[in-house]
Each structure stands twice: as structure tokens, then as C-alpha cells.
Amino acid sequence: MAKNKSIESKEDFFDRVYKIVALIPLGKVTTYGAIAEVCGIKSSARTVGWALNGAKNSNLPCHRVVNRFGALTGKLHFENPDLMKELLESEGVEFDSDGNVLMGKYLWIPKLK
DNA sequence: TGACTGACCAACA
DNA sequence: CTGTTGGCCAGTC
């Protein structure tokens with residue numbers, strides 16, 4: 001290892017994403033950019049998706065995470081894409097005609113304290 | 001070991 | 001306005 005990259009760095013990053021996603025209140029949704037920003041990697045919303053890629057294996061409500069448009073981009077990676085919408089609807093989240101979440105009402109921005 | 005890809009966002013032409 | 005490129009981070013081939 002030419003350079004010490006703080007082995008805990010990546011784990012810490014993932015852990016942060018997991019924590020934030022787990023903090024999403026019921027009936028609310030958040031965006032990748034928001035999570036990335038809170039995680040401190042606002043410039044890397046992509047990595048947030050990767051974190052969720054592993055989070056989908058966890059009990060985290062990744063279905064509450066949508067892109068900036070409120071579209072369920074990651075639903076295709078779900079075992080049951082329909083389940084994602086079902087869960088959100090079950091939580092009281094409404095969708096637009098395009099199938100996008102009403103960000104103006106259900107958009108929840110996580111904040112670190 | 002190097003390069004590409006990936007559930008994104010934003011800026012620039 | 002639309003199209004393309006850049007950027008970031010991590011994982012996989």
C-alpha cells in the first residue's frame with residue numbers, strides 16, 4: 001500500500017449511507033444527492049447508489065430513495081420492482097402520472113446533528 | 001495491475 | 001432547448 005487510505009474510510013461512508021437511509025421517516029422519500037451531501041460526498045451521488053446496491057441486501061428501506069426527479073430509478077434493481085411502489089404507497093406516498101414521487105410533499109432531507 | 005462500469009448530478013456547447 | 005462531457009467513489013473483469 002503506497003498510501004494509507006484509511007481502511008475505515010469506505011466502510012464509514014457506506015455506514016453513513018445506511019444510517020441515513022434507515023433514518024428516513026415513514027411516508028417520506030429522499031434523493032441520492034441529499035444523501036450524498038449529508039455524507040459529505042455531494043459530488044459523488046453515484047457512490048450513494050452503490051452503497052444502496054449493497055443496502056438492498058440489508059433491511060434498509062432503499063425503496064424510499066429516489067433520484068432528483070423523484071423517479072424510482074433503483075426499482076429496477078429490486079427483486080420486485082412493483083413491490084417498491086407498493087411499499088411507498090403503503091406508507092402514504094403518492095405518485096405522479098409519470099410514476100414519480102411528489103417530491104414537493106414527500107421529499108425528506110436528512111440532516112446530521 | 002489497469003480500465004470500465006454503475007441505482008447520479010451538474011455544467012457546458 | 002437538447003446533447004455531451006466531466007466528476008466523484010467504489011467494485012468488478
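In what follows, every chain begins at residue 1, and chains take the letters A, B, ... in the order their sequences are listed. Model, not experiment: these values are computed from the prediction.
Residues from residues 97-110 of chain A with heavy atoms under 4.0 angstrom of DNA chain B: there are none. Residues from residues 70-92 of chain A that place a heavy atom under 4.0 Å from any atom of DNA chain B, listed by number: A:Thr73, A:Gly74, A:His77.
Residues passing the side chain to side chain donor-acceptor pair (under 3.5 Å) test with A:Tyr18: none are found, sequence neighbours excluded. Among residues two or more places apart in sequence or in another chain, the side chain to side chain donor-acceptor pair (under 3.5 Å) test is passed with A:Glu86 by none. In this view, A:Glu91 and A:His63, A:Arg64 satisfy the side chain to side chain donor-acceptor pair (under 3.5 Å) rule, not counting sequence neighbours.
Rounded to whole Å, atom P of B:dA11 lies 8 Å from atom NZ of A:Lys42. Between the CD1 atom of A:Ile35 and the C1' atom of C:dC9 there is a distance of 15 Å, given to the nearest Å. A:Tyr32 has its OH atom 11 Å from the C1' atom of B:dG6, to the nearest Å.
With hydrogens and angles left out, the side chain of A:Thr47 and the base of C:dC9 share a donor-acceptor pair within 3.5 Å. Evaluation of atom-type donor-acceptor distances gives a pair under 3.5 Å for the side chain of A:Trp50 against the base of B:dG6.
Shortest non-hydrogen contact noted between A:Ala45 and A:Ala36 is CA-CB, 3.9 Å. When every heavy atom of A:Asn67 is checked against every heavy atom of A:Thr73, the shortest pair comes out as ND2-CG2, 3.2 Å.
Distances shown here put a side-chain N or O of A:Arg68 below 4.0 Å from the OP1 or OP2 atom of B:dA10.
Backbone-only contact: A:Asn67 has heavy atoms under 4.0 Å from sugar-phosphate atoms and none from a base.
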Under 3.5 Å, N/O pairs linking protein and nucleotides 3-5 of chain C:
none

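Here the nucleotide nearest the side chain of A:Ser44, chosen from B:dA7, B:dC8, C:dC9, is C:dC9. The side chain of A:Arg46 lies closest to C:dG7, out of B:dA7, C:dG11, C:dG7.
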